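Following: one structure in structure tokens, then a few remarks.
These numbers come from a predicted model, not from an experiment.
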Amino acid sequence: MSTTTNTSGFAGFLQRANASAATVAAIVGAISATFAILAQQEAMQSNRAQAENERKLKEMSAAIARNSDARADRESYFKLDQFVYQEMVKLFELPDSTSNQVRVKKEAAITGLVMAMASEGMKGPLTTALSLQLTNPTLKEATAKAADYYKLEDEKRIEGVQVSAASTGRVPASKSLLASMKVDLFYCEQDTSPEASKAKAEAIILSMNTSGNHGHWRLRSLPQSVNDVPGMRVKSPQVRFNLSENELPPAQELVELLNREFGNGYAAPVNFNTQQVTMRSPGYLSAFLCGLPARSTST
């Protein structure tokens with residue numbers, strides 16, 4: 001009887017020991033699994049941190065490169081502006097004894113120099129100064145028109161930068177992308193029928209500003225003296241935009257709108273296209289009525 005009792009007690013002990021071992025093993029396994037998960041998570045976080053650091057380093061390198069390029073550009077523009085200004089001063093200092101023929105030639109040369117080589121920020125002041133000093137009536141009038149154009153462009157650029165700094169860049173979903181934009185609608189003075197383009201543009205501007213759903217529009221002329229400058233030379237209907245200011249979507253909307261508005265009264269379809277530019281004027285789009293087809297004889 002005592003032997004049986006002892007055997008039964010030992011078996012129970014073994015069972016309890018085995019159960020305890022299984023429990024311990026389960027706990028150890030769970031702890032090991034937890035540590036493995038934690039190690040995996042730590043490795044993933046480390047990889048993400050490393051990737052983020054690499055991304056930031058690339059951004060910093062790109063920013064440094066851009067700043068270096070921008071500084072080089074500024075220095076280059078400054079030297080060009082200084083050269084143009086010095087040449088313009090020489091024109092102003094011509095002695096009274098200079099023949100009219102020589103003076104007119106020098107005026108044309110310096111005006112061309114200013115229009116082609118002066119930086120965007122200096123074209124306005126330089127053309128304004130030139131327009132006051134030129135003696136050739138035709139050149140004087142053309143330069144005065146260019147001065148007016150660049151003055152408005154400078155104001156637009158300054159205002160645009162201020163608006164960009166203060167804006168969240170969000171447009172209510174219920175409104176068009178143009179609702180918060182300003183549109184300069186240009187007609188080209190060198191076109192065959194600029195007055196007809198101007199009249200059509202005036203009617204569209206009145207309609208757009210009255211509706212209030214497509215931003216604020218104003219009419220401007222594009223002088224030939226400005227359009228002859230490299231970088232302009234607009235010869236077809238187009239809308240100019242700056243990609244870095246996220247202006248492509250509203251520019252595309254403006255193209256569709258203008259194609260509808262200019263769809264009637266012409267012998268051939270009017271097709272506006274987008275044209276990317278680098279000049280910054282946040283909040284503004286420029287549309288050009290250049291190279292329009294002939295008016296239909298039925299209108």
Side-chain angles (χ1 to χ4, degrees), residues 80-159 182-205 217-238 240 277 279 281 284 286-292 294-295:
L80 279 175
D81 287 337
Q82 192 175 38
F83 168 72
V84 171
Y85 173 74
Q86 290 171 349
E87 292 300 308
M88 196 170 74
V89 169
K90 292 178 183 178
L91 173 65
F92 294 164
E93 293 178 345
L94 283 177
D96 295 337
S97 59
T98 304
S99 69
N100 185 61
Q101 184 178 10
V102 171
R103 185 180 294 275
V104 168
K105 286 183 178 180
K106 286 187 176 294
E107 287 181 351
I110 297 302
T111 301
L113 187 67
V114 169
M115 298 296 292
M117 297 185 65
S119 65
E120 289 298 325
M122 287 300 296
K123 276 190 170 71
L126 293 180
T127 51
T128 298
L130 266 178
S131 67
L132 298 175
Q133 296 290 330
L134 295 175
T135 59
N136 184 323
T138 302
L139 192 59
K140 186 180 185 72
E141 180 182 3
T143 306
K145 288 181 178 181
D148 290 339
Y149 171 88
Y150 287 119
K151 179 182 178 183
L152 288 176
E153 287 298 289
D154 289 341
E155 292 175 357
K156 184 169 70 175
R157 186 161 49 249
I158 293 171
E159 178 188 348
K182 294 182 178 180
V183 178
D184 278 349
L185 188 58
F186 291 89
Y187 66 94
C188 293
E189 292 186 353
Q190 67 199 72
D191 276 8
T192 54
S193 55
E195 290 304 318
S197 298
K198 179 181 179 181
K200 180 72 171 178
E202 287 174 339
I204 290 176
I205 286 174
W217 295 47
R218 66 178 175 180
L219 179 66
R220 292 179 61 186
S221 65
L222 179 63
Q224 183 172 351
S225 57
V226 173
N227 203 22
D228 286 340
V229 173
M232 288 297 295
R233 296 179 179 172
V234 185
K235 297 181 180 180
S236 61
Q238 62 181 243
R240 296 197 163 195
V277 295
M279 191 184 78
S281 53
Y284 277 88
S286 296
F288 296 87
L289 313 182
C290 299
L292 291 175
R295 299 286 293 180

**Request:** For T98 and K106, run side chain to side chain contact (heavy atoms under 4.5 Å, CB included): C-alpha distance rounded to whole Å, both residues' side-chain angles, the deciding distance at 0.1 Å, then the answer.
**Result:** CA-CA 11 Å; T98 304; K106 286 187 176 294; 5.7 Å; no
**Message:** V114 vs M88, test: side chain to side chain contact (heavy atoms under 4.5 Å, CB included). Steps then yes/no.
**Reply:** CA-CA 8 Å; V114 169; M88 196 170 74; 4.3 Å; yes
**Request:** I would like to know whether Y187 and S221 meet side chain to side chain contact (heavy atoms under 4.5 Å, CB included); could you show each step before the answer?
**Result:** CA-CA 5 Å; Y187 66 94; S221 65; 3.6 Å; yes
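Here the closest heavy-atom approach between residue A146 and residue P223 is recorded as N-CG, 4.3 Å. When all heavy atoms of G291 and P237 are compared, the pair lying nearest together is O-CD, 4.0 Å. Of all heavy-atom pairs between F186 and E153, the closest is CZ-OE2, 4.0 Å. Of all heavy-atom pairs spanning Q190 and N227, the tightest one is OE1-ND2, 3.1 Å. Counting all heavy atoms, side chain and backbone alike, D191 lies closest to L292 at OD2-N, 4.0 Å.
The CD atom of Q238 sits 10.5 Å away from the CG atom of L289 when rounded to the nearest 0.5 Å. Distance CZ/R218 to OH/Y284: 5.0 Å, rounded to 0.5 Å. To the nearest 0.5 Å, the span separating CZ on R220 from CZ on F288 amounts to 8.0 Å. Taking NZ of K198 as the reference point, atom OG of S193 lies at 13.5 Å (rounded to 0.5 Å).
In this structure, the side chain of D184 does not engage the main chain of S286 through any donor-acceptor pair within 3.5 Å. A donor-acceptor pair under 3.5 Å links the side-chain atoms of R233 to the main chain of D228, judged by distance alone.
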Identify every side-chain donor-acceptor pair in residues 118-140 under 3.5 Å, counting partners at least two apart or on other chains, and give the distances.
unit_1 : atom_1 : unit_2 : atom_2 : d
S119   : OG     : D81    : OD1    : 3.4
S119   : OG     : D81    : OD2    : 2.7
K123   : NZ     : M115   : O      : 3.3
K123   : NZ     : A118   : O      : 2.7
T127   : OG1    : K123   : O      : 2.6
T127   : OG1    : G124   : O      : 3.1
T128   : OG1    : G124   : O      : 2.8
S131   : OG     : T127   : O      : 3.4
S131   : OG     : T128   : O      : 2.7
T135   : OG1    : E107   : OE1    : 3.2
T135   : OG1    : E107   : OE2    : 2.8
N136   : OD1    : T138   : N      : 3.0
N136   : OD1    : L139   : N      : 3.3
K140   : NZ     : S131   : O      : 2.6
K140   : NZ     : L134   : O      : 3.4

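Other residues, nucleotides and ligands contribute over 12 non-hydrogen atoms within 6.0 Å of the CD atom of Q86.
Residues E87 and M117 are not in side-chain contact: their nearest non-hydrogen atoms beyond the backbone lie 4.5 Å or more apart. When side chains are defined from C-beta on, E189 counts as touching K145, because their heavy atoms get closer than 4.5 Å. With a 4.5 Å cut-off on side-chain heavy atoms, K151 and D154 do not count as touching.
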